[in-house]
There are 2 protein chains.
Amino acid sequence: MVVLALNYREGPTSIREIAGKENISPQYLEQIFLDLRRAELVNSVRGAKGGYKLARPPSEINIGDVVRTLEGPIAPMECVAEGSEGDCCERTQECLTRGVWEKLRDRMNEVLDDISLEDMISSRNINP
Amino acid sequence: MVVLALNYREGPTSIREIAGKENISPQYLEQIFLDLRRAELVNSVRGAKGGYKLARPPSEINIGDVVRTLEGPIAPMECVAEGSEGDCCERTQECLTRGVWEKLRDRMNEVLDDISLEDMISSRNINP
DNA sequence: AAAAAATCCGAGTAATATACTCTGATATAA
DNA sequence: TTATATCAGAGTATATTACTCGGATTTTTT
């Protein structure tokens with residue numbers, strides 16, 4: 001996603017190109033981008049000269065969206081994952097640790113939702 | 001650890017007792033407490049009528065210490081784990097995502113280091 | 001029209017981490 | 001002496017995760 005952000009003004013970027021730069025297998029990257037497209041974080045262009053583009057400007061895509069798309073809901077413990085409320089154990093009432101995990105989960109989301117792709121590439125080091 | 005905090009003024013609490021209350025196998029709990037003892041978060045008393053006690057008052061033990069003891073260094077990515085600096089990939093220089101993981105790691109530690117066992121048991125609900 | 005370059009998609013594999021168990025030794029109280 | 005504990009290291013089993021494979025579809029280039 002950082003590579004796509006850097007290429008935002010250009011045409012679509014192919015998996016092959018990104019895979020080469022980041023030293024990831026093209027086949028694996030493909031899986032990842034399918035998920036990103038289904039989440040509408042990127043658009044795809046099929047066929048020769050095709051590839052992927054960010055669906056929105058880098059400033060409007062935050063890391064929280066990317067991470068949650070690829071890794072699922074952020075949660076230090078299963079029982080505080082968004083969508084699985086109460087599924088995990090029956091003692092949510094008396095559980096004294098649950099509050100800790102909820103607080104941690106919320107802070108984690110805050111940190112990630114507060115950083116955009118734009119932030120990441122504008123604070124970049126020397127090498128492009 | 002919450003159970004030990006609740007029992008802080010009493011004598012040592014046995015694994016059997018805690019395992020029963022929390023519905024964990026005594027054998028597994030045993031492994032956990034060995035680690036906690038080696039980290040000097042609890043003291044042990046061997047033999048009949050033995051068990052474990054907190055090594056310090058509940059207000060002086062925070063969740064960060066407990067979690068790091070049992071789960072290892074807190075790190076959303078291997079490469080930002082305390083002690084494995086630079087081991088993970090060679091491109092730490094040009095890596096634009098590393099900063100995100102470092103920030104997240106730091107906030108996670110802050111949250112956990114800011115909550116003591118005392119905090120957890122004093123905000124407790126109805127059932128003891 | 002044919003070939004090449006790319007995404008799409010579902011299914012499968014393999015290594016690893018994690019949760020958990022087993023067996024036996026040692027220490028202490030009753 | 002017996003019962004009740006912790007101590008300790010090794011082993012197992014399940015689930016997750018990272019990753020691969022084969023083939024279909026779409027678009028550009030020749």
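Below, chains carry the letters A, B, ... as their sequence lines are ordered, and counting in each starts from 1. Values below: all heavy atoms of this structure, side chains included; hydrogens, waters and symmetry mates excluded.
Computed from coordinates, the B:Ile32 CD1 to D:dC7 C1' distance equals 15 Å when rounded to whole Å. Here C:dA19 presents its C1' atom at 13 Å from CG of B:Leu70, a figure rounded to the nearest Å. Atom CD of B:Glu17 is separated from atom P of D:dT6 by 10 Å (rounded to the nearest Å). To the nearest angstrom, P of D:dA8 lies 17 Å from CG of B:Leu29. In this structure, A:Ile18 places its CD1 atom 8 Å from P of C:dT7, rounding to the nearest Å. Separating the CG atom of A:Asn23 from the C1' atom of D:dA18 is a distance of 15 Å, rounded to the nearest angstrom. Across the protein-nucleic acid pair, B:Glu78 atom CD and D:dA18 atom P stand 12 Å apart, rounded to whole Å. Distance CD (B:Glu71) to C1' (C:dA17): 12 Å, rounded to an integer number of Å.
With distances taken from any side-chain atom of A:Ala48 to the nucleotides D:dT27, C:dT7, C:dC22, the minimum falls on D:dT27. Checking D:dC21, D:dC7, D:dA5 against the side-chain heavy atoms of A:Gln27 singles out D:dC21 as nearest. Of the candidate nucleotides D:dT4, D:dT20, C:dC8, D:dT20 has the atom nearest to the side chain of A:Tyr28.
A donor-acceptor pair under 3.5 Å is formed between the side chain of A:Asn62 and the backbone N or O of A:Asp65.
Residue contacts for B:Phe33: at a heavy-atom cut-off of 4.0 Å it reaches no nucleic acid atom on any strand shown.
Each of A:Ile15, A:Leu29, A:Asn43, A:Thr13 was scored for a side chain to side chain contact (heavy atoms under 4.5 Å, CB included) with A:Tyr52, with one residue passing: A:Ile15.
Taking a cutoff of 4.0 Å between a charged side-chain nitrogen and a carboxylate oxygen, A:Asp106 and A:Lys103 do not qualify as a salt bridge. Salt-bridge annotation for B:Arg68 and B:Asp113: present, with a side-chain N of the basic residue lying under 4.0 Å from a carboxylate O of the acidic one. A:Arg105 has no carboxylate O lying under 4.0 Å from a charged side-chain N of A:Glu102, or vice versa, which leaves the two without a salt bridge.
The minimum heavy-atom distance linking B:Glu40 with B:Arg56 is given by the pair O-NH2, 4.4 Å. The two atoms that bring B:Val100 and A:Ile63 nearest to each other are CG1-CG2, 4.3 Å, heavy atoms only.
Donor-acceptor pairing under 3.5 Å, judged by distance alone, is present between the side chain of B:Glu30 and the base of D:dC7. A donor-acceptor contact under 3.5 Å is formed by the side chain of A:Arg46 with the base of C:dT7. Judged by distance alone, with hydrogens and angles left aside, A:Gln31 brings a side-chain donor or acceptor within reach of the base of C:dG10, the pair sitting under 3.5 Å.
If you chain together hydrophobic residues whose side chains sit under 4.5 Å apart, A:Met1 and A:Val45 never meet in one group.
Not one side-chain nitrogen or oxygen of B:Arg37 sits closer than 4.0 Å to the OP1 or OP2 atom of D:dT6. Side-chain nitrogen and oxygen atoms of B:Ser44 include at least one within less than 4.0 Å of the OP1 or OP2 phosphate oxygen of D:dC7. Listed pair B:Ser14 / D:dT6 fails the phosphate criterion, with no side-chain N or O lying under 4.0 Å from OP1 or OP2.
Two end axes, each from the C1' atoms of five base pairs, can be drawn for the helix from C:dA1-D:dT30 to C:dA30-D:dT1; they diverge by 0°, to 10 degrees.
Remark on DNA chain D: of its neighbouring residues B:Arg38 and A:Lys49, the 5'-side contact belongs to B:Arg38, judged by nearest-heavy-atom nucleotide.
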